[in-house]
Amino acid sequence: QVQLLESGGGLVHSGGSLRLSCAASGRTFSTYTMAWFRQVPGKEREFVAASGDRTYYADSVTGRFTISRDNAKNTMYLQMNSLKPEDTAVYYCAAVRGRVALIYRGSEYDLWGQGTQVTVSS
């Protein structure tokens with residue numbers, strides 16, 4: 001069973017950058033579809049990016065965020081550049097073994113990290 005642990009969140013000014021990491025335990029990391037979601041209190045969880053057969057991005061982050069993974073280190077990353085106040089949220093990494101039909105849908109994933117707070121000040 002894979003377990004996920006996020007890190008790298010923090011406070012940054014608008015226009016700044018952060019890199020989030022998601023460390024996964026387990027030996028079959030490379031076979032998992034991995035994703036980042038975010039949530040603001042009182043709002044629905046929102047898809048951010050995913051890594052499966054290829055990479056996928058929400059329109060709101062395309063061109064600013066980059067998802068990557070190092071299977072040898074069992075770690076996924078989210079490089080976030082040109083951050084905006086509206087990117088403020090708790091960011092969660094998620095995983096599911098194999099491929100999924102709707103990569104942007106949170107219910108497709110059965111493993112979740114505890115979340116890391118990202119705050120972007122204006």
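Being a predicted model, the structure only gives us computed values, none of them experimental. As a basis for the values below, the full set of heavy atoms in this structure was taken, side chains included, without hydrogen atoms, waters or symmetry mates.
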Q.
What's the separation between atom CD1 in I103 and atom OG in S51, rounded to the nearest 0.5 Å?
A.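 Output value for this atom pair is 7.5 Å.
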Q: Measure the spacing between CD of Q79 and CG of L18 and express it to the nearest 0.5 Å.
A: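 Those atoms lie 8.5 Å apart.
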Under the 3.5 angstrom rule, does the side chain of [X] hit a backbone N or O of [Y] as a donor-acceptor pair?
X	Y	result
R69	F29	yes
E6	Q114	yes
N71	N74	no

Q.
Determine whether the aromatic ring centres of residues Y92 and F37 are separated by less than 6.0 angstrom.
A.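 Between F37 and Y92, the centre distance exceeds or equals 6.0 Å.
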Distance-minimising heavy-atom pair for [X] and [Y]:
X	Y	result
T66	Y57	CA-OH, 3.4 Å
K43	Q39	O-NE2, 3.1 Å
K84	S14	CA-OG, 4.3 Å

Q. Under 3.5 Å, is there a donor-acceptor pair between the R19 and Y77 side chains?
A.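 Side-chain D/A pair, R19 to Y77: absent.
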(Q) Whether the N81 and S17 side chains hold a donor-acceptor pair (N or O, under 3.5 Å, no angle test) is what I'd like checked. (A)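 The criterion, which ignores hydrogens and geometry beyond distance, is satisfied for S17 and N81.
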In residues 115-122, what donor-acceptor pairs under 3.5 Å come from side-chain atoms, sequence neighbours left out?
residue : atom : partner : partner atom : Å
T116    : OG1  : G9      : N            : 3.2
Q117    : NE2  : A89     : O            : 3.4
Q117    : NE2  : T119    : OG1          : 3.3
S121    : OG   : H13     : ND1          : 2.9

**Q.** Verdict with reasoning, V61 to W36, per side-chain contact (heavy atoms from CB on, under 4.5 Å)
**A.** CA-CA 12 Å; V61 307; W36 290 97; over 6 Å; no
Q. So, is the end of the R45 side chain (NZ or CZ) under 6.0 Å from the ring centre of F47 and within 45° of the ring's axis?
A.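 Relative to the ring axis of F47, which defines the angle, R45 lies outside at least one limit.
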Q: Can you sort out the partners of S68 under side-chain hydrogen bond (donor to acceptor under 3.5 Å, both in side chains), two or more places apart, ordered by chain and number?
A: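 S68 satisfies side-chain hydrogen bond (donor to acceptor under 3.5 Å, both in side chains) with no residue once adjacent residues are dropped.
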**Q.** D110/R97 ion pair, N-O < 4.0 Å
**A.**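 No salt bridge links D110 with R97.
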